[in-house]
Every structure is written in structure tokens, then in C-alpha cells.
Amino acid sequence: MTSTLPNDNIRNFDDQITNKLISEIIRDRIKNSGTRFSANDNIADFIHPGELEILEREVASRVKDLLKSLVIDVDNDHNTQETAERVSKMYLNEVFKGRYHEQPRVTSFPNDKNLDEIYTVGPISVRSACSHHLVPILGECWIGIKPGNKVIGLSKFARVADWVFSRPHIQEEAVMILADEIEKLCEPKGLGIIVKAQHYCMKWRGVKEPNTSMINSVVRGDFRHDLSLKQEFFELVKQQSATNNY
Ligand SMILES: [Zn+2]
């Protein structure tokens, strides 16, 4: 089969012998390491410096093919002439940056004062896309912590959440992945996360239900074992939601 891709600037310059696409090179690295690379996995460790720019050109070339298959006149329609490049940049560096870029730096501090009262942070904006249709999932998230060995700054929760949600997801898994990352950073005694989001798969297409949202939660550690603590978490979030009129 002949590739429709131009042979110029989307191949890895260092790999002239095999002449592989950069996506193939990255994929081979991941496979050789036995790592999973589902839509909601971060693969930044397998992308070497300078390769993201080459990948951006490859994705743009593919998006252009998609537009052509949709019978859009990308050569003469001034609105779509640079759409492929815009979409590629948007996927790799904005809406799916949590796949291709490393986690933002978050410094953890030892919990010297032995803080052990629970606190909640929220609402934190949730911006994601469903893995099934790649259309937006937009909503809010609340995180509750019973401090353990380490603490991180409040704004860091929003940064980590943004990084985790900026991938193609299903909401149930997104919450679990966020919980895993926060556990790694804070080692809390208890952790609770609630996400309430609207899915554009349901609003924009399919059943076209504009007001349906999905709420799900995960509770770990003391939040799971201690019922009163779990209730306190949900109560605090309810107060925060009311204050924020959501
Ligand atoms: Zn969907």
C-alpha cells in the first residue's frame, strides 16, 4: 500500500534507514518496554526531545487526510486551509497535553505539624474529552484530603487535575487516575474525589440531552473505612458547591 503521507518533514530525520514515521518509533519504544498506551495513559517518557514537533507535523498531515476524506476543499476553502495544523497543535499541546507532556512540577513538603483535619479543594474545572467520540467532557471536581506524610500547595491540586483530565477519557477511569496521582504526591491518610461533568456525547449528539450530567466519586484510606469521615467530606463538598452556585 502506498502511503498518502508526504515523505518530507514528518519522518524522523535520525532514522533514515528504517524511514519510520515518528509515531511508529514512539509506539515501538512503548511496546518494547511492555507499557500500556491507552488513550488516557501518559506517554511523555517515550518521547525524546524534539520529537513532539515532528509528531505534530505527522498528526497535521493525518488530519488533513481526514478533512479530505470528509470531502472538504482544504486547498481552496480559506476557513479550513490551516485547520489540520491547528487541530494537531490543539491535541498535542492543549486538550490532550496530559498524554504527551510530563506532569507539571509539584513539590511535596513533609507534614511536620502533623495536620490531620480533613479539608476539601474545589471546584476545580474539569476539561476532558470522551475516548469514544473525542468530544468534550466539561465539569467540576472536588478533592478531599486527610493529610498523611506529605502536603502539597492547594493550587497544585488544580494543576495535577488539569494534567490528568487533559487526555481522552471515560469519567470513571479519570477519577481513579487522578486519585492515584494525588496519592503518589501526598500519601494522604484519606482521599476523596467527586467529579460532576457534562458529556457532549450526550448533549451534542446521540440522545441530545442538554442537561444530563454524570457524578462519580472515589474514596480511599480513612474515607473508605470511617463512615463519619466520608460523610464529613460529602458535607463539605455540598457546602462548597452551594457557595459556588453549582
Ligand atoms: Zn463519547
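Atoms within each ligand, like the ligands themselves, are counted from 1 in listed order. On a predicted model such as this, the values are computed, not experimentally measured, just so you know.
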Minimum side-chain heavy-atom gap E181-V106 below 4.5 Å =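 Not touching, per the 4.5 Å side-chain cut-off.
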Just wondering, do S241 and W142 contact through their side chains at under 4.5 Å, heavy atoms?
-> yes
So, is H132 placed with an N/O/S atom under 2.8 Å from the Zn ion (ligand 1), counting both backbone and side chain?
-> no
The Zn ion (ligand 1) to nearest N/O/S of C130 below 2.8 Å | yes
The atom name of the N, O or S atom in H133 nearest to the Zn ion (ligand 1) is ND1
Applying ring-ring contact (aromatic ring centres under 6.0 Å, His included), name anything that partners F165, two or more places apart in sequence or on another chain.
->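 Applying ring-ring contact (aromatic ring centres under 6.0 Å, His included) to F165 gives none.
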Listed once per pair and sorted, the salt bridge (charged side-chain N to carboxylate O under 4.0 Å, His left out) pairs that draw on residues 141-155, sequence neighbours left out =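 Counting only pairs at least two positions apart or across chains, the salt bridge (charged side-chain N to carboxylate O under 4.0 Å, His left out) contacts touching residues 141-155 are K146-D222, K150-E187.
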